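First up is the structure itself, then whatever we jot down about it.
Per chain, numbering begins at 1; letters A, B, ... match sequence-line order. Everything quoted here is computed from the prediction, not taken from an experiment.
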Protein chains: 2
Amino acid sequence: MSHMEYGRLMAVDPDHVLRSAAALLTHKATATMDEVAKAAGISRATLHRHFAGRDALVRALESLGIAECEAALDAARLDEGTASEAVRRLVGAIEPAVGLLGFLYTENQLFEGEEQNAGWTLIDDRISALFRRGQLSGEFRIDLTPAWLTEALYGLLASAAWMVQSGKGAPKDFHYMIVELLLGGALRREES
Amino acid sequence: MSHMEYGRLMAVDPDHVLRSAAALLTHKATATMDEVAKAAGISRATLHRHFAGRDALVRALESLGIAECEAALDAARLDEGTASEAVRRLVGAIEPAVGLLGFLYTENQLFEGEEQNAGWTLIDDRISALFRRGQLSGEFRIDLTPAWLTEALYGLLASAAWMVQSGKGAPKDFHYMIVELLLGGALRREES
DNA sequence: TCCATATGAGACATGAATGTCTCATCCTGG
DNA sequence: CCAGGATGAGACATTCATGTCTCATATGGA
């Protein structure tokens, strides 16, 4: 289990370290390796034994983020039911990961020079496919590309997460805000 | 004029320096003071004479971003015509500033510890007032708060800017993508 | 012409984060 | 009980961005 206490001299659980780092870096992206280590309850030396530097740590966090996204995509069962229903399930499933995703998004270190991790492309493709399915079924309008709808979903997730984190919005409204705006837009309708 | 050439030993235009810095930091947020100086065509010493450190430079950029936002709000004439028309004008007017805004958004240094610049609150309030006006006039739905619509606009601006910058979308579609999704949503309508 | 000013170039010190290392200590399995 | 392994604590050097300083030079005004 991942909630056990880690007293001193107990074997380190790399996954526990990663999640502690994610929780810390989510609201303090400039935290030092020492702070990350303290947040995980281990020493800086041990942290460095498991992750050979800040760069490796960020890369590991990226892999964790990709894994959580893929898990959310699986859990949302994007192929079942209407596309709208699938979008609603997706937003709900991905909500626990938005903090980590927001950190990774601002970590421009990941995009400097080298090509981005192929895992993100896979995720983009799966979400784009969902929107395309909705277009083919007649649910979604076709003048907005699936790629844009995907990016827009990311942006709305980030905005809603920011609202909740800054206290300007209630966590219970997170799902409703995103889905309603993404699917319905701001304009008032006479009747649907 | 702001497009003149700055040869050596010519008096420095602080505004030109700021805009060069904004252009550079927009696509390389970790640029050093030396790179910023070179991008502006001046020496690091002179840069430091005008902005006493990176912190001051970022603060100045924040002020510039606020000023550009306010100018966009003025140019968009949010009180005239329908709220939808005002939103369209706003997106068009703020488009040139999205790069700088994106940089400032990821510069979490601005929000660590101290209170955020009151200028942002003013801007938030003006945009929120626009959405509230649309709700009172019956144009916009009332189950989405003005605060959320404002944040959502920010998120969509950032997403669209990212798409354009990464080459996944055409600059000419910037305005259409944002306005159509924000106002109309993804769902297909029979007729409006 | 002459002087004040601003700039460019570069040296230098500082501070912070990082990477590396050693050593004592404590678990855990045999 | 003992040996191997992992950890915590801390010292140490390195790197890099930054802040500060000096000096030579060129510009522009008096």
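Taking a cutoff of 4.0 Å between a charged side-chain nitrogen and a carboxylate oxygen, B:Asp79 and B:Arg126 do not qualify as a salt bridge. The residues B:Arg141 and A:Glu180 are annotated as salt-bridged, a charged nitrogen and a carboxylate oxygen being separated by less than 4.0 angstrom. Using a 4.0 Å cut-off between charged nitrogen and carboxylate oxygen, A:Arg59 and A:Glu107 do not count as a salt-bridge pair.
The separation between A:Leu47 atom CG and D:dA6 atom P is 17 Å, rounded to whole Å. Rounded to whole angstrom, the span from the CG atom of A:Asp13 across to the P atom of D:dA6 amounts to 15 Å. Between the C1' atom of C:dA17 and the CG atom of A:Leu57 lies a distance of 14 Å, rounded to the nearest Å. For the pair A:His50 NE2 and D:dG8 C1', the computed distance is 12 Å after rounding to whole Å.
Taking every heavy atom of both residues into account, A:Gly138 and B:Arg188 meet most closely at O-CD, 3.3 Å.
Between the side chains of A:Thr106 and B:Thr106, no donor-acceptor pair of N or O atoms lies under 3.5 Å.
Residue B:Leu47 is grouped with residue B:Leu64 when hydrophobic side chains (ILVMFWY) are merged at heavy-atom distances under 4.5 angstrom, including chains of intermediate members.
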Detail all sub-3.5 Å separations between protein N/O atoms and N/O atoms belonging to nucleotides 17-21 of chain D.
unit_1 : atom_1 : unit_2  : atom_2 : d
D:dT18 : OP1    : B:Arg54 : NH1    : 3.2
D:dT18 : OP2    : B:Met33 : N      : 2.8
D:dG19 : N7     : B:Arg44 : NH1    : 3.2
D:dG19 : O6     : B:Arg44 : NH2    : 2.9

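For A:Thr46, no side-chain nitrogen or oxygen approaches OP1 or OP2 of D:dT7 to under 4.0 Å.
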